[in-house]
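All remarks here apply to the structure that follows.
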There are 2 protein chains.
Amino acid sequence: MRAEELKGHLDAMLLAALEGGPRHGYAVIEALRAGTGGRLDLPTGTIYPALRRLENAGLIAGSWSVVTGRRRRYYRLTPAGQRALAGRRADWRDFAATVSAVLEGGPCPDPA
Amino acid sequence: MRAEELKGHLDAMLLAALEGGPRHGYAVIEALRAGTGGRLDLPTGTIYPALRRLENAGLIAGSWSVVTGRRRRYYRLTPAGQRALAGRRADWRDFAATVSAVLEGGPCPDPA
DNA sequence: AGCCTATACGTAGGGACGCTACTTATAGGT
DNA sequence: ACCTATAAGTAGCGTCCCTACGTATAGGCT
């Protein structure tokens, strides 16, 4: 997975990863890795700033808790986040259809 | 189409737009617009630098010509560009499958 | 003649974003 | 004592697409 490909689609996947219930950052990484058969293995330097960004945007809400001595920050989707997720899903479908039309569609005939 | 979504996928679409034969920049814009039903309407400030980038990378080759008094730069795929296009197509399929698995797949069950 | 639009190419600068590399800290196994 | 897994975070970097602008010709309209 090339890095540039991901740009603009990470937020949608993070929101989707939180759709099934609150998760902390490390668990999000593992959920995405497991959910994609290992194809998506994001570094912490990608995840943690992205979660902060989503939190600042009001799409997710975080809270600290301590489990077996380790501090964890659990994030849950806010109502705005659920709406954003629905929008991002629609965006993705539209985007995927557009790119597929160009890449998978036959070569554009020369209009000349 | 949000801007960030496109990142990393433009090159593949430009290569695909040139697969049917040489085209100049302005014609590439129109071909992509027509091929996607107007969903992809890229500004010239996106296309021209991108074509330069692909040319510098050796994936396309450009040559000037003059048609009805207007100068045009026609680009054609190089053999390396054809190989790159095949690779990018495979990348796209893999990427699309990965994102779809996360967004369209059911919510990841809580392992707890 | 004067003006506007379409055609056609280009650059400069900026904003957004994900990654690399590094730091801090606890739990548990060898 | 050491190493790995778990868990969170930051600083700085590089890439990339877009906005805004500049240049020029062809052709239609008034």
Side-chain angles (χ1 to χ4, degrees), chain A residues 1-15 17 22-34 40-57 59-60 62-75 88 91 95 98-99 111-112, chain B residues 1-15 17 22-34 40-57 59-60 62-75 88 91 95 98-99 111-112:
Chain A
M1 185 84 68
R2 291 183 311 108
E4 291 300 327
E5 286 184 324
L6 188 57
K7 286 188 193 244
H9 306 282
L10 176 62
D11 290 3
M13 288 194 282
L14 293 181
L15 294 173
R23 275 211 172 80
H24 55 99
Y26 199 84
V28 168
I29 294 174
E30 294 190 312
L32 291 177
R33 187 166 47 214
L40 195 63
D41 193 5
L42 299 170
T44 65
T46 293
I47 293 291
Y48 293 121
L51 289 172
R52 288 304 189 95
R53 198 156 32 83
L54 292 174
E55 188 178 21
N56 287 336
L59 304 184
I60 62 178
S63 61
W64 288 106
S65 74
V66 175
V67 177
T68 61
R70 293 187 199 90
R71 79 198 224 281
R72 291 174 174 173
R73 189 158 180 82
Y74 278 89
Y75 292 100
R88 292 307 186 90
D91 286 347
F95 174 75
T98 300
V99 177
Chain B
M1 183 86 69
R2 292 183 311 108
E4 291 299 327
E5 286 184 325
L6 189 57
K7 286 188 193 248
H9 305 283
L10 176 63
D11 290 5
M13 288 193 283
L14 293 181
L15 294 174
R23 271 210 176 81
H24 56 98
Y26 198 82
V28 167
I29 293 175
E30 294 190 311
L32 291 177
R33 188 167 46 215
L40 195 64
D41 192 3
L42 299 169
T44 66
T46 294
I47 293 290
Y48 293 121
L51 289 172
R52 290 301 190 95
R53 198 156 33 81
L54 292 174
E55 188 177 21
N56 287 336
L59 304 184
I60 63 179
S63 61
W64 287 105
S65 73
V66 176
V67 176
T68 63
R70 292 188 200 88
R71 75 201 228 281
R72 292 175 173 171
R73 187 158 181 84
Y74 278 90
Y75 292 100
R88 291 307 186 90
D91 286 347
F95 173 75
T98 300
V99 177

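All heavy atoms count here, side chains included; hydrogens, waters and symmetry mates do not. Predicted model, so just to flag it, every value in this text is computed and none were measured. To find a chain, count down the sequence lines: A is the first, B the second, and so on, and within it residues start at 1.
- In terms of phosphate contacts, B/Arg53 brings a side-chain nitrogen or oxygen within less than 4.0 Å of OP1 or OP2 of D/dC17.
- Heavy-atom nearest nucleotides on DNA chain D were determined for B/Ala3 and for A/Arg70, and the one closer to the 5' end corresponds to A/Arg70.
- Proximity of a side-chain donor or acceptor of B/Arg88 to a complementary backbone N or O of B/Asp11 within less than 3.5 Å is not detected.
- For the OP1/OP2 pair of C/dG10 and a distance below 4.0 Å, the side-chain nitrogens and oxygens of B/Tyr48 include no atom meeting the criterion.
- Nearest nucleotide to the side chain of B/Tyr75, out of C/dA6, C/dC17, C/dG10: C/dG10.
- When all heavy atoms of B/Gly25 and B/Ile47 are compared, the closest pair comes out as O-CG2, 4.1 Å.
- OP1 or OP2 of D/dA24 has not a single side-chain nitrogen or oxygen of B/Arg71 nearer than 4.0 Å.
- Among B/Leu59, B/Leu54, B/Leu15, B/Leu51, the one residue that satisfies the side-chain contact (heavy atoms from CB on, under 4.5 Å) test with B/Tyr75 is B/Leu51.
- Judged by distance alone, the side chain of B/Arg2 and the main-chain N or O of A/Gly8 form a donor-acceptor pair under 3.5 Å.
- At the phosphate of C/dG10, OP1 or OP2 sits under 4.0 Å from a side-chain N or O atom of B/Arg52.
- The nucleotide whose nearest atom lies closest to any side-chain atom of A/Asp11 is, among C/dC9, D/dA7, C/dG18, C/dG18.
- Residue order along DNA chain C, read from the 5' end via each residue's closest nucleotide, puts A/Gly45 first among A/Gly45 and A/Thr68.
- Each of A/Gly69 and A/Thr44 has a nearest nucleotide on DNA chain C; the 5'-most of these lies closest to A/Thr44.
- Atom CZ in A/Phe95 sits roughly 10 Å away from atom P in D/dC17 (whole-Å rounding).
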